[in-house]
Q: 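Structure provided below as structure tokens; questions to follow.
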2 protein chains.
Amino acid sequence: MKPVTARCDSVWSVATIRELARLCGVSPATVSRVFNNPEVVNAKTREQVLRTARQIGYLPNESARTLATKKSFMVGLLWDTDHRRPGWRHPFFQEILIGLKTALSGRGYHLLMLATSGEHTDDAYVRAARRHNLDGVVMIDSGTWDPSLRHLAESGVPCVSLDRPVQGPKATYVTSDNVGGARQAVRHLHEQGRQAIATITGPAHTRPGAERLQGYQEELALLRLPYRPEHVAEGDFYVTGGEAAMRRLLETDERPDAVFVAGDEMAVGALRAISEAGLKVPEDIAVVGFDDIEVAALVPPGLTTIAQDKDGFGAAAAEALVSMINGADAPPARILPTTLVVRGSSTRAI
Amino acid sequence: MKPVTARCDSVWSVATIRELARLCGVSPATVSRVFNNPEVVNAKTREQVLRTARQIGYLPNESARTLATKKSFMVGLLWDTDHRRPGWRHPFFQEILIGLKTALSGRGYHLLMLATSGEHTDDAYVRAARRHNLDGVVMIDSGTWDPSLRHLAESGVPCVSLDRPVQGPKATYVTSDNVGGARQAVRHLHEQGRQAIATITGPAHTRPGAERLQGYQEELALLRLPYRPEHVAEGDFYVTGGEAAMRRLLETDERPDAVFVAGDEMAVGALRAISEAGLKVPEDIAVVGFDDIEVAALVPPGLTTIAQDKDGFGAAAAEALVSMINGADAPPARILPTTLVVRGSSTRAI
DNA sequence: ACGGTCCATGAAACCGGTTACAGCGAGATG
DNA sequence: CATCTCGCTGTAACCGGTTTCATGGACCGT
């Protein structure tokens, strides 16, 4: 009998481990073992405990468990609150987020998006991480965040950064081969017969921005194409910045016949500026972007772009994090290869 | 003096409340009060405790705190693992996620994305919520998830669902005025002089899908336009589904001169199908979408659409959740108004 | 000098798990 | 039969906070 679960709130019958132990006539320790170390407990006892647990709806309390073991199985997601710079608000990172969550999930880790409760000290995130017993932390490039990042890297909390280099005993990063990708882009444009290849860059203080510019310059040199500073315009990684930058490029003395844009969002802006100027893509100007976010495929005539391995980001981050959590030293940085995706914006015929 | 922070691992000096209490010559209880109930403790003691806390880098352990208080200040995010249906993977929900996180953050709540550790029972989420002492839960429409949802609504955990109706003592939902929005769309098309207005719907088993279809039908009736079943094609809320649906519409005996598409992603697909068929938007066929996700503004000729109040979703959800957490009964459902955003796809001249 | 408030604090139990260590009984071994 | 192993289980301390309740002292009015 004992229909303890009389009321509809049966679900809320808060059963503790001692309660369950009492019902089974064993000690709490044994119950604990049933869940954490099943093989050491006698098969019959084990079955009975499991059965009873199911009956009364016993669920271990994770807070208590974390308190005792110091493992939370949670990874913190550092969310830049400065919405003006490319943070999680950027479509690229939104697409990454999914992959990251999936990869972590697969390894049994939860993802905690911390409330950045107003306090904006350098160590706000380290503090948050420690308060919550986070097993690890993921953060993305955030321009001027260095102090925060350094604190984290030094704190000993396993930490992987996306796109921004960081090294420490328990800190590493994953990024795309930005230099190589940019070179692919320029080479492709050159192979299409373009000669005056301009570029729209990301903000100079961001790592991807700087590296993609570097790749652009390197490949120009290799191809023995002239480097013209007036053919370099800085954007902000978003549509409007790309549009403005393109307008500036169109006003230069010698109009470019191609432009490598260091981000798809900006590239979409560039397309718009070009069409507003009454010019055609790719006939008058060929465009190659970077990222391969969803819009790239959707905007006519189809944006040729350097695709980043977005699922790879999440997977690599999760893998590095978990290995560090399990005691390993920080693995070397992962530089993910990029691939050229050819669409209409750089080729006459699709 | 006292450069306690000699070693780099100073940050890791795990200070407990008893340690801090000892250093200050007070009891743990007092220290606890300093942080939770500052006004009841003597000003001098308080200052001293705070100072010492800063010196030794004391941080309260949230797990211990949660264990004792049963409040975690965490809200769970239910993440549909079934990637075939419109879940968090859909751009619309990605845009919502930002707002939700921000709104919750502002109220001091963290957002926990739970690992759905393989177990696919109806009550998996209730169990997860209880294990982690979640203060509340947010979930999105997920088609066939009803059992899960019901479990949650009955469990007593404060819970707000996005887009899918649910009612319970601690459960409510927020959604857009899908019927009204659809009617706005149809009316707009009619005002542009269109007569044969078709529609591409979301999957019939989704709530927004059904409601937008209903709005379409209602407005047709009101305008005394004929309702033709062959002018209704079902999509999947994604680009490819919209494209396929549009192709079917183009094959009907009487070709429509306008189409209301119940989602921007699908609308983009529709645009593509139309252009592939050698037709022009808006000259031959006018298109109105739903959602106003980012691409809507980017894809030529600009997608006229029914905008959902994305920030409103997050804000309303957070508000409802927090009020329930604080003891209030479930507030009534919030139906957010939609607004018509006119772009090139429905008007000859922008 | 005395009883009553009020303020500030401390002692100790409690939240719900984990785990080091000790103990016990059964079977194997000499 | 004594002893040793081994498999299984229980005791109790511990994780790091919170909170109830009791208490001690300062201050007040009479």
Side-chain angles (χ1 to χ4, degrees), chain A residues 12-50 52-53 56-74 110 127-135, chain B residues 12-50 52-53 56-74 110 127-135:
Chain A
W12 268 116
S13 65
V14 262
T16 76
I17 201 175
R18 291 178 223 272
E19 179 86 6
L20 177 54
R22 199 180 49 73
L23 287 176
C24 298
V26 299
S27 78
T30 298
V31 174
S32 176
R33 284 188 274 255
V34 167
F35 290 104
N36 301 311
N37 240 1
E39 63 278 6
V40 310
V41 34
N42 178 288
K44 263 187 77 168
T45 332
R46 193 198 314 145
E47 293 313 321
Q48 197 217 340
V49 169
L50 287 175
T52 317
I56 69 171
Y58 167 76
L59 289 175
N61 182 319
E62 293 295 335
S63 301
R65 197 201 280 251
T66 297
L67 178 57
T69 61
K70 287 160 174 15
K71 290 212 39 119
S72 64
F73 288 96
M74 288 190 209
H110 312 284
R127 297 160 59 87
R130 284 185 41 217
R131 289 174 76 113
H132 289 277
N133 301 294
L134 297 185
D135 292 342
Chain B
W12 267 118
S13 65
V14 261
T16 77
I17 201 174
R18 291 178 222 270
E19 179 86 6
L20 177 53
R22 198 179 49 73
L23 286 175
C24 298
V26 300
S27 78
T30 299
V31 175
S32 176
R33 283 188 274 255
V34 167
F35 290 105
N36 301 311
N37 241 2
E39 62 279 5
V40 309
V41 34
N42 177 288
K44 264 186 74 168
T45 334
R46 194 198 313 146
E47 293 313 321
Q48 196 218 340
V49 169
L50 288 175
T52 317
I56 69 170
Y58 168 74
L59 288 176
N61 181 319
E62 294 295 335
S63 301
R65 196 201 278 252
T66 297
L67 177 58
T69 62
K70 288 162 175 9
K71 292 210 39 120
S72 64
F73 288 96
M74 287 190 206
H110 312 283
R127 297 160 60 86
R130 285 186 40 219
R131 288 174 77 114
H132 290 276
N133 301 293
L134 296 185
D135 292 341

Q: Between D/dG16 and B/Thr16, is there an OP1 or OP2 to side-chain N/O distance shorter than 4.0 Å?
A: no
Q: Whole angstroms only, please: what is the CG-C1' distance between B/Asn61 and C/dG16?
A: 14 Å
Q: Taking only side-chain N and O atoms of A/Thr69, does any of them lie within less than 4.0 angstrom of OP1 or OP2 on C/dT19?
A: no
Q: Nearest-nucleotide wise, let me know which of B/Ala29 and B/Ala68 is further upstream toward the 5' end of DNA chain C.
A: B/Ala29
Q: Determine whether A/Leu50 and A/Gln48 make a side-chain contact, defined as any pair of heavy atoms from C-beta on separated by less than 4.5 Å.
A: no
Q: Is there a donor-acceptor contact under 3.5 Å from the side chain of B/Ser32 to the main chain of B/Pro28?
A: no
Q: What's the CZ-P distance between A/Arg130 and D/dG16, to the nearest Å?
A: 12 Å
Q: Give the residues of residues 36-44 of chain A touching DNA chain C, defined as any heavy atom closer than 4.0 Å, sorted by residue number.
A: A/Asn36
Q: Does the D/dG17 base have a donor-acceptor partner in the side chain of B/Arg18 within less than 3.5 Å?
A: yes
Q: Can you measure A/Leu59 atom CG to C/dG17 atom C1' for me and round it to whole angstrom units?
A: 13 Å
Q: Just call it for A/Val31: base, sugar-phosphate, or nothing, with non-hydrogen atoms closer than 4.0 Å on any strand.
A: nothing
Q: Below 4.0 angstrom from OP1 or OP2 of C/dT9, is there any side-chain N or O of B/Thr45?
A: yes
Q: So what does A/Phe35 touch, heavy atoms closer than 4.0 Å: a base, only the sugar-phosphate, or nothing?
A: nothing
Q: What is the distance, rounded to the nearest whole Å, between atom CZ of A/Arg65 and atom C1' of D/dG17?
A: 20 Å
Q: For B/Lys71 and D/dT19, what is the distance between atoms NZ and P respectively, to the nearest whole Å?
A: 12 Å
Q: Does B/Thr30 put a side-chain nitrogen or oxygen below 4.0 Å from OP1 or OP2 of C/dG10?
A: yes
Q: Looking at A/Asn37 and A/Val40, would you say the former's side chain and the latter's main chain have a donor-acceptor pair under 3.5 Å?
A: no
Q: Sort out for me which residue in B/Met74, B/Lys71, B/Lys70 forms a side chain to side chain contact (heavy atoms under 4.5 Å, CB included) with B/Asp135.
A: B/Lys71
Q: Any idea which of D/dT11, C/dA11, C/dC15 is nearest the B/Leu67 side chain?
A: C/dC15
Q: Looking for any heavy atom pair under 4.0 Å, which part of the strands does A/Thr66 touch: base, sugar-phosphate only, or nothing?
A: nothing
Q: Take atom NZ of A/Lys70 and atom P of C/dT18, then tell me their distance rounded to the nearest Å.
A: 14 Å
Q: With a 4.0 Å cutoff (strictly under), does any side-chain N or O of B/Arg33 reach OP1 or OP2 of D/dT18?
A: no
Q: Within the 4.0 Å heavy-atom criterion, would you say B/Leu20 contacts the bases, only the backbone, or no part of the nucleic acid?
A: nothing
Q: Can you tell me if A/Ser63 and B/Asn133 form a side-chain donor-acceptor pair at under 3.5 Å?
A: yes
Q: Could you state the atom-to-atom distance from NE2 of A/His132 to C1' of D/dG16 in whole Å?
A: 15 Å
Q: Using atom CD of B/Glu62 as one end and atom C1' of D/dC15 as the other, report the distance to the nearest whole Å.
A: 15 Å
Q: Between B/Phe35 and B/Tyr58, what is the ring plane arrangement, given parallel below 30°, perpendicular above 60°, and tilted in between?
A: tilted
Q: Say whether, by atom type as modelled, one donor and one acceptor occur between the side chain of A/Arg46 and the main chain of A/Pro38 under 3.5 angstrom.
A: yes
Q: Which heavy atom of A/Leu134 sits nearest a heavy atom of A/Ser72, and at what distance?
A: CA-OG, 3.7 Å
Q: Would you please confirm or rule out a distance under 4.0 Å between OP1 or OP2 of C/dT18 and any side-chain N or O of A/Ser32?
A: yes
